[in-house]
Amino acid sequence: MREVGCSEEELFSFLSLMREKDLGYRNILSSMCTPPHPVAVRAHELFLETNLGDPGLFPGTAALEELLIQRLGALMHHPLAGGYATSGGTESNIQALRIAKKLRPTKSPNVVVPESSHFSFQKACDILGLEMRPVPLDAEFRMDADAIEDLVDKSTVALVGIVGTTEYGVNDPIARLSEIARDRDTFFHVDAAFGGMVVPFLDRPAPFDFRLPGVDSISIDPHKMGMSTIPAGCLLVRDPRCFSSLNVDTPYLTVKQECTLAGTRPGASVAAAVAVLEYLGMDGMRAVVAGCMENTRRMIEGMETLGYPRAVTPDVNVATFSCDHVPAGWRVSRTRAGHMRIICMPHVTRDVVEAFLKDMGDMDA
Ligand code: 0PR
């Protein structure tokens with residue numbers, strides 16, 4: 001560290017310089033994050049110093065966390081769901097598998113996950129000592145439910161399905177998986193980190209949530225399509241009592257037990273997540289999602305007109321193409337299989353889509 005601190009002016013010119021090196025979201029088509037909604041920013045600032053790790057000191061913020069769980073539980077058709085605000089999909093997935101492992105103590109536990117699962121499951125399996133059993137995908141990149149039967153056995157602590165896969169934006173056959181999980185008496189976790197804030201706002205949403213009796217837990221992230229500030233994830237569980245298996249004693253805190261993975265936890269991004277939900281309501285969220293889906297369709301149509309076929313028709317706002325070049329200045333990503341991947345987040349407006357398509361067309365000319 002410096003022996004003597006620098007001036008505020010020097011400090012902020014340094015920080016501004018660093019910040020300028022960051023890319024603006026305008027040309028980023030590769031991210032599942034987006035600039036936070038203005039009400040999220042305002043709420044975040046109001047709750048900047050709050051710590052949900054010691055909720056007795058911040059009862060107002062703690063009540064907002066409960067409200068967030070209640071709202072998202074209701075969105076998932078189970079207003080009495082248990083849950084807490086995590087740092088994102090990774091923590092939610094780790095904690096869900098931790099619960100599943102505690103519920104079924106066995107010598108060599110395994111989890112059955114689609115090949116398309118997010119890499120957070122690799123981390124979860126490593127931390128928890130779980131064998132990961134990948135299930136192959138069908139031609140549309142969805143988990144092949146027929147291939148599950150042979151993989152689930154007595155040592156399977158959880159089955160995982162995805163709503164809005166990271167790479168191709170498709171949904172696994174959740175209703176079918178829910179039945180299999182019930183038949184096999186297996187904990188079923190749905191990773192809806194991305195799709196959880198999209199699918200409920202579509203015109204004809206396919207059921208994927210607690211309406212399906214086999215679903216035990218759901219990851220859903222306000223810091224993705226919920227336009228909250230980072231970090232804001234949520235883990236929801238059907239039976240709030242599941243969390244008791246994770247409790248540790250916290251003798252000197254305002255609460256005597258804690259089931260979260262993190263200790264100190266931000267209240268600011270939780271307030272921001274609540275702010276967006278309250279401000280937009282179902283109606284506002286439907287409008288945002290309808291816009292993103294319309295832009296996704298336009299992106300696919302435009303790219304196909306230019307000769308770049310879609311890899312699949314997505315269920316959420318992720319578009320993928322057979323196309324190996326990118327116009328200068330744009331950020332897209334690539335799937336493991338090499339497809340170009342574009343996520344039509346709220347900042348990817350119609351104008352942005354048209355500008356990208358024009359640059360793609362100019363490149364080919
Ligand atoms: N589950 C699914 C289905 C996800 O897509 C992701 C993240 C996670 C879990 C993990 O969530 P956290 O990153 O919140 O822990 N998917 C994005 C991805 O890997 C995350 C992301 C966001 C990456 C913005 C890059 C970026 O610029 O693509």
Side-chain angles (χ1 to χ4, degrees), residues 27-34 89 113-122 134-147 160-174 176-177 190-199 202 204-206 208 224-225 289-328 330-350 352-361 363-364:
N27 288 25
I28 297 181
L29 308 180
S30 59
S31 178
M32 283 191 163
C33 292
T34 199
V113 302
E115 259 175 14
S116 54
S117 67
H118 184 258
F119 47 76
S120 48
F121 287 100
Q122 249 170 281
V135 183
L137 310 181
D138 64 16
E140 291 189 315
F141 305 98
R142 299 172 211 279
M143 187 182 195
D144 180 358
D146 293 330
V160 173
I162 307 174
V163 172
T165 55
T166 310
E167 291 181 302
Y168 291 94
V170 295
N171 301 340
D172 285 329
I174 303 296
R176 175 96 196 276
L177 298 180
V190 175
D191 180 0
F194 188 74
M197 296 294 285
V198 179
V199 176
L202 296 174
R204 282 175 300 279
F208 70 92
K224 297 188 169 78
M225 280 296 286
V289 166
C292 293
M293 293 304 290
E294 182 51 34
N295 291 335
T296 306
R297 279 188 284 274
R298 170 64 192 137
M299 181 65 93
I300 292 174
E301 175 204 58
M303 285 291 280
E304 290 195 331
T305 305
L306 291 170
Y308 304 108
R310 75 189 80 179
V312 67
T313 300
D315 297 311
V316 297
N317 41 324
V318 177
T320 46
F321 304 98
S322 299
C323 175
D324 53 17
H325 54 277
V326 191
W330 293 95
R331 288 298 171 113
V332 300
S333 54
R334 298 243 158 239
T335 67
R336 280 169 279 190
H339 289 114
M340 176 193 277
R341 167 181 174 258
I342 289 175
I343 302 146
C344 292
M345 292 302 289
H347 66 271
V348 182
T349 59
R350 181 63 185 252
V352 172
V353 172
E354 297 303 340
F356 176 76
L357 290 171
K358 180 171 185 306
D359 287 359
M360 279 298 307
M363 251 184 117
D364 297 337

Got a sec, which residues hit ring-ring contact (aromatic ring centres under 6.0 Å, His included) with His347, two or more places apart in sequence or on another chain? Tyr25
Using the test ring-ring contact (aromatic ring centres under 6.0 Å, His included), find all partners of Phe141 that sit at least two apart in sequence or belong to another chain. Tyr168
Sequence neighbours excluded, every pair satisfying salt bridge (Lys or Arg N to Asp or Glu O under 4.0 Å) that has a member inside residues 315-326: Arg142-Asp315
Are side-chain heavy atoms of Leu177 and Phe208 found at a separation under 4.5 Å? no
Atom CD1 in Ile300, atom OG1 in Thr305: separation rounded to 0.5 Å? 11.5 Å
Minimum heavy-atom distance Ala193-Gly89, with the two atoms named: CB-CA, 4.3 Å
Calculate, to the nearest 0.5 Å, the distance between atoms NZ and CG belonging to Lys358 and Leu306 respectively. 11.5 Å
Note, Pro314 side chain near Thr296 side chain (heavy atom, < 4.5 Å): yes
Tell me whether Asn171 contacts the main-chain N or O of Gly164 through its side chain, where contact means a donor paired with an acceptor under 3.5 Å. yes
Heavy-atom closest pair, residues Lys224 and Thr34: O-CG2, 4.2 Å
Contacts of type side chain to side chain contact (heavy atoms under 4.5 Å, CB included), residue Ser322, not counting sequence neighbours: Pro309, His339
Give the C-alpha distance, both sets of side-chain angles, the deciding distance and a yes or no for side-chain contact (heavy atoms from CB on, under 4.5 Å) between Val160 and Ser117. CA-CA 8 Å; Val160 173; Ser117 67; 5.5 Å; no
Separation between CD (Glu140) and OG1 (Thr165), nearest 0.5 Å, reads 11.0 Å
Within this structure, what is the SG-CD distance for the pair Cys292 and Glu294, rounded to the nearest 0.5 Å? 11.0 Å
Residue pair Val316 / Gly195: nearest heavy atoms and the distance that separates them: CG1-CA, 4.3 Å
Any heavy-atom pair between the side chains of Val332 and Phe356 that's under 4.5 Å? yes
Between CZ on residue Arg298 and CD on residue Glu301, distance to nearest 0.5 Å: 5.0 Å
Should the pair Arg176-Asp146 be classified as a salt bridge under the 4.0 Å nitrogen-to-oxygen rule? yes
Do Asp191 and Phe121 have side chains that get closer than 4.5 Å, going by heavy atoms? yes
With sequence neighbours excluded, tell me which residues meet side chain to side chain contact (heavy atoms under 4.5 Å, CB included) with Arg334. Val326, Met340
Just how far is it from atom CD1 of Ile342 to atom OG of Ser30, taken to the nearest 0.5 Å? 9.5 Å
Against Glu167, only a single residue in His118, Arg336, Arg341 fulfils side chain to side chain donor-acceptor pair (under 3.5 Å); can you say which? Arg336
Side-chain heavy atoms of Leu357 within contact of Met299, under 4.5 Å: yes
Side-chain heavy atoms of Met225 within contact of Asn317, under 4.5 Å: yes
Is the shortest heavy-atom distance from the side chain of Val348 to the side chain of Asn295 under 4.5 Å? no
Less than 4.5 Å apart, side chain to side chain, heavy atoms only: is that true for Thr166 and Met32? yes
Glu304 (side chain) donor-acceptor with Arg310 (main chain) under 3.5 angstrom: yes
Closest non-hydrogen atom pair between Pro114 and Asp172, with its separation: CG-OD2, 3.4 Å
Residues which pass side chain to side chain contact (heavy atoms under 4.5 Å, CB included) with Ala290, listed by chain and number, not counting sequence neighbours: none
For the CD atom on Glu115, are there more than 12 heavy atoms of other groups (residues, nucleotides or ligands in this structure) within a distance under 6.0 Å? yes
